[in-house]
Structures are given as C-alpha cells and as structure tokens.
Amino acid sequence: MSRFFKRKQDEAKEKKEANKENQSTAGSTQEDSGAAGNRGLFDSLDSNIETVRSLFRDVDILRIKYISSENDKTLVYGIVYLDGMVDPMIMNESLIRALIKSPISLNDEDPIYTLMTQVLQINEMKDTGDIDEITEAIAYGDTVLFINGINRAVILNTRGFQARSISEPENEKNITGPREGFTESLTINLTMVRRKVLSPDLKMKTYTLGKRTKTKACICYMESLIDKQILAELYRRLSMIDIDAVLDTNYITELIGDAPWSPFRAIGYTERPDVVVGKLMEGRIAVFLDGTPEVLTLPYLFIENFQSSEDYYLSFFYTSFSRMLRVIGFFLTVTVPGVYIAIIAYHPEMMPLQLFISIAAERQSVPLPAALEAFVMVFVFDILRETGVRMPSNIGQTLSIVGALVIGQASVEAKLIAAPMIIIVGLTGITSLLVPKLNAPVIYIRFVLLVMATFFGFFGIIIGISCVLIHTINLSSFGVSQLGFSGKFKFQSAKDTVIRAPWWEMILRPIFAKDKVREEKGGPRK
Amino acid sequence: MTKKIASSLLILLLLIPLSGCWDYRGLDELTIVTGVAIDKKPEEDIYQLTYEIVDLIEPIKEKGPNRKLIESEGKTIFEAVRNAKRRVSNKLYFGHSELIIICEEIARNEDLNVVLDFFIRDSECRETINVVVSQEKTARDIIASEGIGHTVISNEILEILEDDKKITSSILSVELYRLFNIMGAEGKELALPAFHIVQNDGKPTAETNGTAVFKDNKLVGFLSPEESKYFLFIVNEIEGGIFTVASSGQRPDISFEIYNNDTNLSFEYKDEKLKIKIKTTTVVFLGEFMRQFAPLDEKELNALEETAEKELEDKIRNVVKKLQTEFGSDIFGFGNMIYKKDFRLWRQLKDNWDEHFKSLDLEVEADIRIMNTATIK
C-alpha cells in the first residue's frame, strides 16, 4: 500500500469520527422531535432494512435484495432500491457482481472504506448514517447498500430511469439556430447548459423545494457577472416557499414574483438551453427545476417579452423589423377594439368620409350596438383560441370551419354582426399571437380599454393606457425596474429593445449585471 | 387597501363630468349630411335648406354610396336644420359635411356673416367646409345635379375644388374658417368660387364658373374663369394650370403649362398717390404650340417669353381695372398688405380705402421663363 493511500485512509478515519459526532447530535435533536423514533442506523442489517421497509411501507416497488460474499459467508449485504428507477446493467455488473466477488471480510479494519475504494465500480457514492438522507436517496433512484454488522450505509448512484429524449420545444420553435430543448430531467438539462459554457465561472447550486415532493432545483449563474444582491434576494424568497409540491417552475414564479397581482410576469421562462446561456451571459440567474423543461431566468425586463432567441441568429436587419412588428402588434392587439368602438360611437368625425360611409352602411340593420358586438366578438375569439389550445389536434378542422365559416362569414351574411367588427377581431386575434409571452396581460388590458372606450370614448382609452403605463413603469423584477424608465434616453440601452443592434454595437450588458462591459475591444469593427 | 380602491374609484367617477357633452351614438342612428344648399323663399322670408345625405339603405357594395336629398324650412338656419328631423328618423349629422352652397339671391342681399353663423358656431360642423356660390336660380339646382365621378355631388364638387389649383387654376376655394378670417380682416374682400349648371351628356352637371366677388360681405358680381386665373396670379395662389398666349394675331395659339409661380406685391406711397407693384416670376412648360411643330431655337423662345410676359401683364392689369371700376372691391388684399407692412399709412388710408383702391396706380412686371418645350432641335 502506497504512502499516499495510507494518508487517505487516516483522513477517512478522522472524517468518520467527525461524522459520528454529528450523527449523535443529529440523532438527539430528532429524538426530541420524536418524528420516527431513532433516526440513526443500527448495527444489525435486519433492523436497518426493517426501518427502511417501514418508512416505505405500502410502496410496492421497493426492492430489497440480500447478497453474501463468496469470500466471507457471514458478510451479508442488503441492497435497497426502487424498481424502475435504477439501471439494471449497473446493478448487475458493477454492484452485485462486485460484491459477490469481493475479498472483504467483516474483520477488516474499515470494510466500508475498502468497499468504496476497491470493490464497487460505481462513479458516485457516499457513506452515511442518516436515515433521512437514505430515504431521500432511495426515492431519487439511488441504491442504498447496508452491511450486516455496520451501522452505516453506502448510497450509490445507480439512477437509470427513462427520460424524454431531447427534442425541439414545441412552443419556442426556431427557423435557424440550436434546436435542442430542455427535458424533464434536471441532470440532462444541466449538462445541456454546461456543455455550452466551459468556464468554471458557471456556478450550479442545488436547492430542494416542496415540503413533500422534495423536488431538486438548481440555481445557475455566472459568478463574475451577477449582482450578489439579486442572488441573495432570490435565496431569501426561495427560502420562504412553503408548499407541498412544485411541479413546474410556474409555482415558483407565482410564489416569489415581485408583484403577484400584476398580470405581467416578473420572471422569465424558456425551454431552450441557448436562451438560458444567453441570459446567463447577460448577468441573469437561471433556476432549473427537476421534472419540468421550463427554466426560469431573472431578473426579467419588460422588453424580454418581445425578444426571441432567433433575433440573434438571423441578420439584425431582419430581426430589428420583426422586433418592431412585435411591439406594434402588442399595442394593436391591446388597443384596436377599444379604438374602433371609440371612433364608431363617440368620434365618427375622425374617419375619412368614404370609410365612414362604408362602416355606417355595414352597421345598418345590425341588431347589436357596436360596443356590445365588440364584447361578444372578442369573447368569441377567446373561446376559439382556448378551444384550439385544449382540443385534440385531430379534430382541429372542425374548429377552423366553425370559427371561420359559421362565426365569420355566416354571421355577417345573416346581418348579425357587422363586417368591420370581424376584421377588427381578426386583427386583434392575429396580433395577440405575435407576442405569446404577454397573453395574460393582453386579455385584461384589452378588455379594460374596451370598457373605457364604451363609456368614455377616446378619453377613456387615454386614461386606460395611462393607468397601464403607470403600472408597467412601476413593475420591478428582483429590485430591477422592468421598463428601465429613467426619463433619460440613452442610445446604448435602446440597442436591444425595439431594434436589435448588431453585436459590435451592443457593448454593454443590461443594467443589473455586475460587470457591465461586454466587449472591451469591440472586435474588428472598432 | 379598501381606502385606496375607494379613492381610485372616486377619481374614476370624475371621468364622467370631465368627458363633456358627448354621448354614445351608433353609426346607424346618424344621417350623414355631405352638403347643404341654402335658398330663400323670397316672398315669405323663410330659409329653405336642401341637404344631400348618403343613402345607407341601398346596398353600397356594388355601386358605391348613393345619395338622397332632404329639404326643410325655417325662419333661421338652425331652426331649418332641426325642422328636418320632422321628416327623417335619424338626426342630421354634420361632422362630415363638405360643402355649403349659397344661392345668388342670398349672397347679394344678405350679410354672409349672418347666414353662415350657425355653421361656425355648431360643434359638429367642421371649419374646413367649402363655401361656394350658385349662379343658378337656386342653390338647390347645384346640389340636385348629378356628379360624373361620384354619385354624391358634394364629394364631386369638393374634389373639383381641391384639384382646381393644380390643374386649371380658375377658382380659389375658400374654407369656412378662411371665409370668416377674410371677412374679419382689414383691407380685404371676399371672393368665393362660383358654380353653374351646364348640360353634359344631356344631363345637368355642376361646373365651376369663375369667382364670385363680394364687397362688405355681399355679392357684387362675378369674374369669368379666365379672369379668375389672373386674380390667382395676383394673390400668388397659382400652382399649375394653363396660360394661353397669342404668338401673333388675336387667336391664342400657345398653351403654357405653369410649373410654378411666385408673385411679389409691394406698394409705394408718394405725393398722396398709391402705387401697387406686382411682380410675377413664372416658370412654364411649352405644352402646345398650334402654329408649328418644328423645334424652336433660343431666339424664338426669347421672343415667345417676351410676348407671354406682355400678355400676362396686360391681363393682370385688366383684372385689377375691372375690380377697380366695376366692383370697387379689393379682393386682392392690397389694403391688407399695407395694413401689415405699414400700419401708420393704413390708418391714414383706411377711411377712404375704397377711393384709394379705385384710383391706385398699378405697376406690373411679369417674368416668364420657358423651362422646356418637349422637343429638341
């Protein structure tokens, strides 16, 4: 045995003793709480197995297997795992086979240490005496190895459950650029990000959320870029989460968002690793959650509602235009029905005569007043949209026929709805699809503006828009103003907003990043 | 929190009185008036108004909007307007009116100020309504005629008025607010476009026919379309149009298309004698030369320019002369120019401005440049 190895052994011994002390203190506190009797492990294999079995009683996929060594028949191992969550190949080849063939005997000085260093052919393992840690590991797909006569157990990484393969996210499709999307597995998701950022500056801190589900979360950030205060604030808010289960990141968004009653988001989300890396590089923090492909990014600026990863993969000429379209689309979808009603009902003098005559002629002998008509049609459109989302895709044709023919054409021909209203609703509907991230606020703002227009005309619209503006200017995300409205116009801060400036022009990171200068030298263009 | 909500609701309640006097009006509750003709029953002293409305009942998809006429009477204009409601289901809506036609009789005998008062006061009417004078017996004749391009005659007349400046330059269109401005201005008299009815393709059709000249807001006479053109030259409102010149003999045989024109007015007051100087600088194209097709050389062009200059000077002089002698009405705004440039002098002249206008000397200097002839030697 080499000298180096001896030293390691000594260190391990010290560690073990330290662990024992910890364990005893931990044990005492647990006894005080009186949760499940003695939380430490016994010397006896049977009692240990029995403890686990009683914790997992009525969990029928719990598998317990006894193995004894060829070398020493008195040495009995107990393996505990959950069926279906482990990789049978690893179990058979690296664990069971290795244990049977192992030369260890109980009389060895430190059998656990020898097992871990010389016998088990598994990459990740840990010895523990804490029953909570053991149950959690079993639940997560690890295998726990108990040894007869030793009051410690080894947690082995044999996780091998099936995960959905990496595919392009349905909701964030791109024409060009990377096509991979996150899956439901936290580890796979983290590797996807890690593969893109090879620097050790990328930190990944795990966190457990959900009182009962104990879901694993991971907080990622570039240490040199982020503002530590934002990170601290995130931890503070996460620590206050007290909920049974977090099945999707939206649980977190709702629980820790800045203005919970605002329809606008305070935290961004994406299913694309390239987007997450892009956000990390701007000094944002990403929160991964096991079990969902949606990853949170924060702080979230208002303009991110209009941004898409593709903006950076296509020519800036093209994407600047599509950015503008999205911003215009947002304003249109919010205001068009209200403005139409305001003009029709209060300010007909604002229309050119020809348009006025056409609309007035269409409105002759239509039963509903224009405002009521607008409410009905906007509502009908929302019904159609919601149906389209929830409906199985193989009956999609029915919806288009009912939507387009019955509600559109037939109602106009039967003089139930005026034709301009159909055009207005169509425009509203199409433009609302331009900015899917603002779907929720759009519905409410549109409705409020419509009500205001119905009762006060343009005057009401101006008041309504002012209220929305005041609200959005007040929005913040983790202490960062979402609109970044300072009353002062700086060209640099407008370079990734309504337009997407070329990369050599965007030399600064967003305002909240610690290290603001993105390109010091500016590349060949400077 | 409840206090906050309550107070914001109270603030929102303020909106109701703040929104002023307006109301929700469905488009199907309006009768869209596009034009009004004002006549008067002479023996009874009652105004007769004829409104042209857009007919929304007939399907307009194939043929475009149709029109109808509504007539009403009243002792005042406003009363007549309201009386129309006695025979129409929907209230008359003047927000899109484009035209007011006044019959010659009212224009001659009544102060325009009085007649048009309702239209400038009414909140619905636009101040950009065009006002024209009918040379027919009634104003109704004009509004009852059929348009060629549009069924709605008011649209047709409006477009004629708007395009005239650039195409024919025979009238000066006047919108309601400018009309009141001119009537209120010192040293300036009103001139409105005049319309008459001609037979076109066997149907009565409205056509512009020069300018109606007013004095003290009352009609005193008309200028022909040709004379109106030189009136436009003087007031610097020429933006296009054709200017014909006789190169030799009496009959005009050259058509110049006016490209642009700039007129400068100035005055001189010496020994109690007022002299108005008119200087025009005009760029024209030679658009038609009915004597020869052969390209012209520079000498010939120069000669042509000179002839044209002389002709223009003469015509301008004639128009001013006509107004000095026949109507005594300063529609050019010479007095207004003095008022603006030399107020002291204006105070002196103001009281006998009519006399001064009639006796003023004129110095006309025309500068015409032919920019191209469309043929090259």
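Chain A is the first sequence line, chain B the second, and so forth, proteins listed ahead of strands; every chain is numbered from 1.
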Look up atom CD in A:E349 and atom OG in B:S123, then write down how far apart they are to the nearest 0.5 Å.
9.0 Å
B:V152 versus A:L353: any side-chain heavy-atom pair under 4.5 Å?
no
Rounded to the nearest 0.5 Å, what separation is found between the CD atom of A:Q364 and the CG atom of B:N90?
7.5 Å
Count the heavy atoms of every other residue, nucleotide or ligand shown that sit under 6.0 Å from OH of A:Y444, and state whether that count exceeds 12.
no
Please output the side-chain donor-acceptor pairs of residues 370-384 of chain A that fall under 3.5 Å, not counting sequence neighbours, one pair per line with the distance.
unit_1 : atom_1 : unit_2 : atom_2 : d
A:E373 : OE1    : A:R363 : NH1    : 3.2
A:E373 : OE2    : A:A418 : N      : 3.3
A:D382 : OD1    : A:R385 : NH2    : 3.4

So which residues of residues 335-345 of chain A are in contact with chain B at a heavy-atom cut-off of under 4.5 Å?
A:I344, A:A345
Would you say CZ of A:F447 has more than 12 non-hydrogen atoms from neighbouring residues, nucleotides or ligands within 6.0 angstrom?
no
Within the structure provided, determine whether B:V54 and A:F356 are in side-chain contact (heavy-atom separation under 4.5 Å).
no
What are the two closest non-hydrogen atoms of B:I32 and A:A360, and how far apart are they?
CD1-CB, 4.0 Å
Between A:P348, A:C467, A:P369, who has the most heavy-atom pairs with chain B when the cutoff is under 4.5 Å?
A:P348
Residue among B:E98, B:R126, B:E29, B:E124 with most heavy-atom pairs under 4.5 Å to chain A:
B:R126
Over 12 non-hydrogen atoms of neighbours within 6.0 angstrom of NZ in A:K211:
yes
Count the heavy atoms of every other residue, nucleotide or ligand shown that sit under 6.0 Å from NZ of B:K166, and state whether that count exceeds 12.
no
Could you pull out all residues at least two apart from A:S481 that satisfy side chain to side chain contact (heavy atoms under 4.5 Å, CB included)?
none
Taking the side chain from B:H96 and the backbone from A:Q354, do they hold a donor-acceptor pair closer than 3.5 Å?
no
Taking all heavy atoms of A:I357 and all of B:L56, pick out the closest pair and write down the distance.
O-CD2, 3.8 Å
Take B:L27 and A:I359, measure what side-chain contact (heavy atoms from CB on, under 4.5 Å) needs, and give me the verdict at the end.
CA-CA 8 Å; B:L27 285 191; A:I359 295 180; 3.4 Å; yes
Any side-chain hydrogen bond (donor to acceptor under 3.5 Å, both in side chains) pairs touching residues 112-121 of chain B, not counting sequence neighbours?
B:D117-B:R121
